[in-house]
K.L.:
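Take a look at the following structure, please.
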Amino acid sequence: MPTPPNLLFIMSDDHASHAISAYGSAINQTPQIDRIASGGARFDNCFCTNSICAPSRATILTGLYSHNNGVKTLHDHLDGRQQTYPQLLRAAGYQTAIVGKWHLGHGGVNDPTGFDYWCILPGHGVYDDPNMFEQGVDTHFTGHVSDVITERSLTWLRARDKSRPFALMVHHKAPHRPWIPAERHQHLYDDCDVPTPPTFDDDYSFRSEAAKRAKMRIDRDLNFTDLKADPPPGLSPGEEKHWKYQRYIKDYLRCVAGIEDSVGALLDELDAEGIAADTIVIYTSDQGFFLGDHGWYDKRFMYEESLRMPFVMRYPREIPAGSVVTPIVLNNDFMATFLDYAGLTAPEPTQGRSFRAVARGETPDGWRDALYYRYWMHLADHNVAAHYGVRTERYKLIYYYGRALGTTGSIEEPTPPEWELFDLRNDPMELHSVHDDPAYAPVVKELTERLVELKAAAGDEE
Ligand code: CA
């Protein structure tokens with residue numbers, strides 16, 4: 001029986017696909033991440049099921065939607081007695097490790113399970129000289145967090161038992177808020193103006209009150225910690241918004257540059273060891289992010305920039321180099337997929353489906369043509385109303401149901417329920433909801449029924 005492939009799973013935090021050059025970024029170049037895409041596949045329709053840090057991570061580990069793994073919000077911790085893919089890979093003979101962001105609690109049943117080695121940041125961790133829990137022991141490290149995570153990962157990789165396959169999760173904190181880059185990157189982009197996105201001056205007309213209510217606006221909601229300086233006096237409102245955007249996006253991209261160095265070092269290590277052909281390499285992020293799109297930073301909404309995950313994957317023995325994969329895959333599919341490559345079938349209650357064949361360029365019979373999404377944290381933090389919805393290839397229907405529904409961190413204050421429908425073919429930037437347009441009444445009816453079906457099929461009864 002052939003040895004199953006190694007798995008190098010690199011995930012960053014809040015890195016949107018439109019800040020990756022393999023996805024056509026207009027604002028930066030990412031040659032190291034692009035190495036993975038050009039040597040394998042770029043997934044153009046990979047989506048998260050709940051666009052926020054901890055819930056996405058819990059879904060990836062368990063293959064379950066948030067309501068089924070208990071991590072619906074940032075404040076929920078993962079009960080490690082649940083089945084996760086590292087446990088199953090380890091039981092099948094893999095050496096397993098996680099280095100970096102965990103964000104699912106720690107201590108007791110919240111410690112990572114299924115890992116031979118773990119070294120995790122507490123919560124979000126810090127950018128400079130982080131403390132990390134190394135096998136449960138609070139340990140101080142010196143340097144920028146992205147470099148520390150890389151160094152710990154390489155050290156573990158070099159010291160492993162080379163007669164057995166490995167599964168290494170390198171989970172970066174960057175480029176999460178407050179966007180503090182390594183010293184060597186602090187002057188990148190000093191001599192240029194980063195272009196603004198087409199929807200930078202969105203005024204939220206023709207959309208929900210939920211969009212208007214959100215507090216994640218570049219011009220209004222970024223604070224001194226984010227910007228690291230006060231705006232110069234005498235700027236017009238438009239000039240000040242532009243100044244804030246430059247401060248924000250440049251630090252974000254400088255943090256991405258740190259991730260680039262990490263990806264490059266890890267890929268070089270595989271090459272140096274001669275194991276690149278036998279190693280599945282993935283680069284993704286726990287969700288997308290608004291990079292000035294709609295005048296925003298942050299995520300949470302089911303809108304495209306936040307819903308979409310970058311996902312590039314290289315496995316030369318099976319995935320044609322330079323391919324583009326378009327079927328819809330979800331973060332709750334990762335577990336079944338990783339297990340499939342290891343020769344294992346994802347056991348119950350895993351909800352996702354292996355996309356191994358999809359990665360080869362096939363579309364299996366009955367592959368999904370729609371996804372179910374839910375964001376639970378009603379009016380928490382950035383004042384985004386809780387919502388659920390369905391996205392197909394062409395349409396997106398969103399229902400802001402307007403209530404907290406018992407989640408920790410939500411605000412009890414109800415908001416009037418409202419709907420949005422976007423025709424992504426005619427309105428890819430989602431600027432004009434057509435929910436109340438009579439011409440779309442048949443689409444509304446069909447998608448509303450579809451949403452009810454998908455919600456029930458996902459086992460979401462709240
Ligand atoms: Ca995140």
K.L.:
Classify the ring geometry between W296 and Y204 as parallel (under 30°), tilted (30 to 60°) or perpendicular (over 60°).
P.N.:
parallel

K.L.:
Output yes when R308 and E304 qualify as a salt bridge under the 4.0 Å nitrogen-oxygen rule, no when they do not.
P.N.:
yes

K.L.:
Report yes if the distance between the aromatic ring centroids of W102 and F133 is under 6.0 Å, otherwise no.
P.N.:
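Between W102 and F133, the centre distance exceeds or equals 6.0 Å.
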
K.L.:
Is the cationic atom of K241 (NZ for Lys, CZ for Arg) positioned less than 6.0 Å from the six-membered ring centroid of F200 and within 45 degrees of its normal?
P.N.:
yes

K.L.:
Going by ring pair (Phe, Tyr, Trp, His ring centres under 6.0 Å), name the pairs with one or both residues in residues 35-59, residues two or more places apart or in two chains.
P.N.:
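Of all non-adjacent pairs touching residues 35-59, those that pass ring pair (Phe, Tyr, Trp, His ring centres under 6.0 Å) are F43-F311, F43-F355.
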
K.L.:
Just by distance, do the side chain of K173 and the backbone of H124 share a donor-acceptor pair under 3.5 Å?
P.N.:
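Yes, the answer is positive, given that a donor and an acceptor are paired below the 3.5 Å cut-off.
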
K.L.:
Under 4.0 Å between a side-chain nitrogen and a carboxylate oxygen: does that hold for D268 and R35?
P.N.:
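Yes, charged N to carboxylate O under 4.0 Å.
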
K.L.:
A cation-pi test, strictly: NZ or CZ of R207 under 6.0 Å from the centre of the six-membered ring of Y303 and no more than 45 degrees from its axis. Yes or no?
P.N.:
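Flagged: R207 positioned over aromatic ring of Y303.
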
K.L.:
Take F289 and H18, measure what ring pair (Phe, Tyr, Trp, His ring centres under 6.0 Å) needs, and give me the verdict at the end.
P.N.:
CA-CA 9 Å; F289 212 67; H18 49 310; 9.3 Å; no

K.L.:
Does the distance from a Lys or Arg side-chain N to an Asp or Glu carboxylate O, for K244 and D219, drop under 4.0 Å?
P.N.:
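Not counted as a salt bridge, because no side-chain N and carboxylate O are separated by less than 4.0 Å.
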
K.L.:
I'd like to know if the side chain of S12 and the backbone of S285 have a donor-acceptor N/O pair within less than 3.5 Å.
P.N.:
no

K.L.:
For R220, give me all partners under salt bridge (charged side-chain N to carboxylate O under 4.0 Å, His left out), at least two apart in sequence or on another chain.
P.N.:
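Salt bridge (charged side-chain N to carboxylate O under 4.0 Å, His left out) check on R220 returns nothing, list empty.
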
K.L.:
Taking the six-membered ring for Trp and the single ring otherwise, decide whether the centroids of H382 and F301 are under 6.0 Å apart.
P.N.:
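No, ring centres 6.0 Å or more apart.
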
